[in-house]
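Just so it is clear: chains get the letters A, B, ... in the order the sequence lines come, proteins before strands, and each one is counted from 1.
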Amino acid sequence: MAGTDRTPTWVVVGRTADGTTAVRLDDAGAEIDRRTIADLTAWVAEVESTAAPRWVWNDTPTWYDSLLVAGVRVARCHDLRLSHAILRDSASVTDATALRAAHAWDAAASDVTDVAPTLFDLDKTPGSALPDSLEDVLAEFHRQRTALDGAQDRGRLRLLIAAESAGALVAAELRAAGLPWDAAAHDALLTEMLGPQPAPGGVPRELERAATRVRDALGDPGVSLDSQPKLLRALHRVGVLAQSTSKWELSEYDHPAIAPLLEYKRLARLMSANGWGWLGEWVHDGRFRPVYVPGGVVTGRWASSGGGALQLPRQLRDAVRADPGWVLVVADVAQLEPRVLAAMAGDTALADAARGRDLYAGIVDRGTLQTRAEAKIAMLGAMYGATTGDSGRLVPALRRSFPRAMALVDEAARIGEDGGIVTTRLGRTSPPPSPQWRAAQARAGEPDATEADETRARRWARDRGRFTRNFVVQGTAAEWALAWLADLRGRLAALPPVPEADAAPRSGPAFGRRAHLAFFLHDEVIIHAPAAQADAAARAAADAAQTAARLLFGAFPLDFPLDVRIAATAQKD
DNA sequence: TTCCCTGGCGCG
DNA sequence: AAAGCGCGCCAGGGAA
């Protein structure tokens with residue numbers, strides 16, 4: 001058995017006629033051996049503890065969810081579905097022909113919430129199921145290795161693939177552990193704002209009161225406040241000639257109906273989005289378990305599906321409560337996107353302004369703009385492509401002070417307007433323009449193009465320019481956050497278990513007695529930690545931030561300071 | 001009845 | 001009614 005004592009770098013898992021088969025590969029991708037696995041959980045646990053390979057599988061939740069339920073974690077994986085999407089489109093990949101031809105790997109994220117499919121579902125959804133046979137999985141893995149080996153900036157692209165895959169592990173673990181959620185505290189908040197929970201289908205007391213005040217002020221006792229056209233007509237009848245019923249436009253008008261209407265909208269939103277229905281559906285056994293979708297946003301940010309995990313209103317954070325004897329470590333990065341822009345562009349002037357805690361204050365200190373509020377709105381305008389209003393007016397001042405950073409986003413916008421593609425620091429590439437977009441541009445260039453053709457083409461070009469302008473910054477910030485998350489995950493997993501800590505059974509067997517990630521939101525994490533481990537967890541978050549910066553930007557002199565709070569609840573104040 | 005679109009609003 | 005990016009979810013309303 002000459003080959004079998006080589007340490008495997010990769011272990012590829014897939015289905016065969018015999019069941020689940022694992023293939024061990026060495027660093028060069030050569031097969032060491034393969035075996036059929038009867039008890040996958042036990043085998044993974046054993047291999048993980050001795051060899052710590054990178055697990056290669058078609059889709060992380062498909063394999064990892066059941067491992068986590070059994071209390072088994074793995075350190076590293078290569079998620080073929082996520083990696084396929086990156087490599088297929090990346091401008092850094094020299095030859096993506098084979099990957100583009102492998103359409104079966106274009107499948108969307110598996111639906112981890114799926115219950116037993118109904119007859120109707122079977123009827124209409126033919127599976128965009130991912131290939132899972134060992135043969136297909138191995139073939140795709142080799143395609144991806146070949147693409148990576150031939151890529152430009154292959155170190156960065158490898159880092160992106162590793163970070164994306166680590167993110168998939170984190171997403172599965174976040175859902176398995178859940179965010180500690182105090183249903184009684186949530187109920188108390190709802191009762192305080194809305195009144196007691198109404199009978200099913202009923203309207204809470206405070207919502208009804210606000211509605212009555214609005215109807216009285218409008219002199220229209222029957223008007224529906226939930227129907228935008230009806231409400232708008234009722235407002236017009238009393239002289240409020242708004243174009244829409246959005247809260248910021250309504251607040252410009254002076255009429256006795258406005259204040260109660262804004263209150264009504266606030267309460268109605270709370271009731272429908274995060275009321276008792278949401279609580280009953282999404283919080284069980286003291287945990288909120290949302291579905292995270294790594295890579296779900298075109299820029300590489302995560303999306304969520306179900307539960308609205310990434311839209312939790314700040315006002316509900318008081319319901320996020322650590323278990324007894326545990327605490328929450330809430331850490332977020334200050335001004336992540338402008339810092340990322342400074343580092344990407346190598347703009348030392350902007351980096352100088354960012355050094356210390358508050359980048360916007362640094363811009364004011366340099367005399368570029370007068371107030372922090374101006375600096376913030378100008379910086380957002382520069383990254384989003386504002387051309388008018390306060391924001392557009394203030395951008396030129398930034399352009400004078402930070403020409404390198406502004407040139408980077410301006411160039412990204414120009415490329416997008418011209419129909420080109422742009423790429424993040426690590427190699428995630430924007431999608432090309434749609435056929436309709438190209439057709440509109442071509443049409444505008446024809447001799448008989450109308451004014452309308454030209455106007456539309458110009459508008460679509462600028463729209464796309466703002467998209468690519470923002471893509472490079474938002475996408476690179478997402479990469480920074482993935483690197484941060486991946487490194488932090490490793491640091492927390494390496495902390496010693498706290499013997500006296502409650503085993504926190506509600507977080508599942510994979511996380512007992514040790515700090516673990518509980519929430520992630522673009523530039524923020526919440527760690528659930530035994531009280532004795534809170535400081536170590538906070539340090540891990542800060543250290544991981546510096547590691548992420550070094551991984552993406554090398555020695556460029558810019559820090560990524562964290563705001564860290566340690567408390568029993570996630571409420572900021 | 002179901003499906004899709006829109007307006008509106010929550011998050012970064 | 002946003003100006004200025006990226007999302008998901010809900011309710012209403014009209015089309016199918």
| For A/D487, side chain to side chain contact (heavy atoms under 4.5 Å, CB included) partners two or more places apart | A/R491, A/A544, A/T547
Residues within [range] bordering DNA chain C, heavy-atom distance below 4.0 Å:
range: residues 454-469 of chain A; answer: A/R466, A/F467
range: residues 388-413 of chain A; answer: A/T388, A/S391
range: residues 212-224 of chain A; answer: none

| task | Any salt bridge (charged side-chain N to carboxylate O under 4.0 Å, His left out) involving residues 228-238 of chain A? Give me the pairs, sequence neighbours left out, ordered by first then second residue. | result |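 Residue pairs with at least one partner in residues 228-238 of chain A: A/D220-A/R237.
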| request: Sequence neighbours left out, what pairs pass salt bridge (charged side-chain N to carboxylate O under 4.0 Å, His left out) with at least one residue falling in residues 392-409 of chain A? | output: A/D390-A/R393, A/R399-A/D410
| field | Stretch residues 518-525 of chain A: residues that reach within less than 4.0 Å of DNA chain B through a heavy atom | value | A/L521, A/H522, A/D523
| message | Heavy atoms within less than 4.0 Å of DNA chain B: which residues of residues 227-247 of chain A have one? Give them sorted by number. | response | A/Q228, A/S244, A/T245, A/S246, A/K247
| Inter-residue atom distance A/M379.CE - A/T368.OG1, 0.5 Å rounding |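 Result: 9.0 Å between the selected atoms.
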| field | Nucleotide-level pairing of DNA chain C, given in dot-bracket where Watson-Crick and G-U pairs need both distances under 3.5 Å and | marks other strands | value | ....||||||||||||
| Distance between P atoms of C/dA1 and B/dG7 (Å, rounded) | 8 Å
Would you list the protein and nucleotides 9-11 of chain C atom pairs, both N or O, that sit under 3.5 Å from each other?
{"unit_1": "C/dC9", "atom_1": "OP1", "unit_2": "A/G306", "atom_2": "N", "d": "2.2"}

Under 3.5 Å, which N/O atoms of the protein pair with N/O atoms of nucleotides 14-16 of chain C?
none

| task | Please identify each residue that fulfils side-chain hydrogen bond (donor to acceptor under 3.5 Å, both in side chains) with A/E173, with sequence neighbours left out. | result | A/Y64, A/R73, A/R489
